2 protein chains.
Amino acid sequence: MSEFFEKSPQSCHGCQCMSPLFSMLNKEELDLVDANKIHVNFKAGETIKKQGTFMSHVLSVNSGLAKLYIEGIEGRSAILRIVKPTSFIGGPGIYYDQRHHYTITALIDSSVCFINLQVFKGVLKGNQAFAEEFLKDFSRDVLTVYNRLIYLTQKQMPGRMADALLYLFDEIFLQPKFPMILSRFDLADLSAMSRESAVKILRDFQKEGLLKISDHEMEILDEEALRKISRIG
Amino acid sequence: MSEFFEKSPQSCHGCQCMSPLFSMLNKEELDLVDANKIHVNFKAGETIKKQGTFMSHVLSVNSGLAKLYIEGIEGRSAILRIVKPTSFIGGPGIYYDQRHHYTITALIDSSVCFINLQVFKGVLKGNQAFAEEFLKDFSRDVLTVYNRLIYLTQKQMPGRMADALLYLFDEIFLQPKFPMILSRFDLADLSAMSRESAVKILRDFQKEGLLKISDHEMEILDEEALRKISRIG
DNA sequence: AACCAAAATTGACACATATCAATTCAAATC
DNA sequence: GATTTGAATTGATATGTGTCAATTTTGGTT
């Protein structure tokens, strides 16, 4: 078997890479998941899931980082969120139409488990606590989209870019200095503007000393100023 | 008891006004819902539910029409959808934090049932088919928000307004001529623009013969042209 | 019918943003 | 190391959009 499509070398039992969601499962349930999952490694840039395809499996990101985005009009995309380990990815298609409603692309080399959807649904049915946790997870994702809708439609570019950067700080890297895994294009998709505008805003932020970008690294120098820009809009 | 706060005069059994979701319930479950619901009439303009408040109940709109919107930055709002009878309103707060994440305001006189949240959750737990249907409903709502996010961020004003009007046609009134229950302000909130811009776009549409607005009525005259504007963006 | 308050309308203007074309830079490939 | 490709950058320009202020219309109230 190739290294890019293989049965997970290790069992789900004791796996530190699985989404915390699965800690709600008992031994039998986890066995079932274990027996019906596929483990795949992706290289940076590869598409993990394509919008519109049939949802045969749900995903759990074990390691790496990925962008989750909706493909919109004329090639434009809206990044909904950055997916970090260890997180579960389902989406509204699970119960609506069994399709994926977004595309997921690896930003760095990533390892993902694909869990058979019917098995997953079966386990959900049988385990109330698991179902509740799943719904909580899903609901949190929905709320971030609400939030996104508001800030993307009601703030202007500097505020939107500040929000994007603070999102990376607060939710993904948890520290002011982090690797530049997102291209300017990606940052533009994350804040709903053109690449050129993204470049200009980032240049302005650097000129004002809020930000430093160098050697594949980005560092937030003045968090408070960024938060103020976010607030002002 | 006042007419604005009363136990529903009729039982849920045989009620034609309840969301189809509840048709999945058996007699005992419906009895439980019946015994734990409150029926309230609202006049046009009244707030049915306020964003941020504790979610003690979920809602079912029996008659009337309402706008469901997120209160955003500095008094601006984003209308997520128009609520028509007979539909269920829950939202991500049910499983996340038991709060309402949007405000609902009656556009015309409306009648709403409030169902105790704990009772509702209890019934959900006990009835798998009901739970599935609920999730399907919820997921559909989420998808409309995805859709909204894309068209609000990737189209410009004429496209956004065309989408808003076609939404009213396709999803709410199902006919080209309908009462003007939405103010220009509301139409602006539905298409993420200023009131003045909404007025101008609507004027343009009328000039081009796509639309007729008169006497509290709006009529879509050239549906195809509107769809084209929607497509072009 | 007259009045008032709110909503709708308008045009002028300023600002925000996208687009375009040209250039530089960086990384990957041979 | 030379070459090539794609990404990033830049400034000029055109367009889109919001804001403001003034006016008109509408609907409701007395």
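Below, chain A is the first sequence line, B the second, and so on; all start at residue 1. Since this is a predicted model, take the numbers as computed values, not measurements.
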Between [N] atom [atom2] and [X] atom [atom1], what is the distance in whole Å?
{"X": "B:I201", "N": "D:dG18", "atom1": "CD1", "atom2": "P", "answer": "9 Å"}
{"X": "A:K43", "N": "C:dA28", "atom1": "NZ", "atom2": "C1'", "answer": "14 Å"}
{"X": "B:M193", "N": "C:dC15", "atom1": "CE", "atom2": "P", "answer": "22 Å"}
{"X": "A:I213", "N": "D:dA8", "atom1": "CD1", "atom2": "P", "answer": "10 Å"}
{"X": "B:M180", "N": "D:dG27", "atom1": "CE", "atom2": "C1'", "answer": "15 Å"}
{"X": "A:E74", "N": "C:dA18", "atom1": "CD", "atom2": "C1'", "answer": "13 Å"}
{"X": "A:D186", "N": "D:dG6", "atom1": "CG", "atom2": "P", "answer": "17 Å"}
{"X": "B:M218", "N": "C:dA8", "atom1": "CE", "atom2": "C1'", "answer": "13 Å"}

D:dT19 base to B:K200 side chain: any donor-acceptor pair below 3.5 Å?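 Per atom types, the contact qualifies.
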Pair [X] + [Y], salt bridge at N-O below 4.0 Å:
{"X": "A:R227", "Y": "A:D170", "result": "yes"}
{"X": "A:D163", "Y": "A:R160", "result": "no"}
{"X": "B:E171", "Y": "B:K84", "result": "no"}

Can you see if the side chain of [X] gets near the phosphate of [N] - specifically, an N or O under 4.0 Å from OP1 or OP2?
{"X": "A:S194", "N": "C:dT17", "answer": "no"}
{"X": "B:R203", "N": "C:dT9", "answer": "no"}
{"X": "A:S197", "N": "C:dA18", "answer": "yes"}
{"X": "A:R184", "N": "D:dT9", "answer": "yes"}
{"X": "A:R195", "N": "D:dT9", "answer": "no"}

Report the residue (B:H216 or A:F185) whose heavy-atom-nearest nucleotide on DNA chain D is the more 5′ of the two.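 Its nearest nucleotide being more 5', the pick is A:F185.
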Please determine, for the side chain of B:Q156, which listed nucleotide (D:dG18, D:dT10, D:dT17) has the closest atom?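 Looking only at side-chain atoms, B:Q156 lies closest to D:dT17.
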Please verify the inter-ring angle class for B:F178 with B:F173; under 30° counts as parallel, over 60° as perpendicular, anything in between as tilted.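 Aromatic pair B:F178/B:F173 classed parallel.
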Check the orientation of A:Y146 and B:Y102. Use parallel for under 30°, tilted for 30 to 60°, and perpendicular for over 60°.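 It falls in the tilted class, 30° to 60°.
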Which residue lies toward the 5' end of DNA chain C, A:M157 or A:E196, if each is placed at its nearest nucleotide?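 Of the two residues, A:M157 wins.
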Which part of the nucleic acid does B:R76 contact within heavy-atom distance under 4.0 Å: base, sugar-phosphate only, or nothing?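 Touches nothing.
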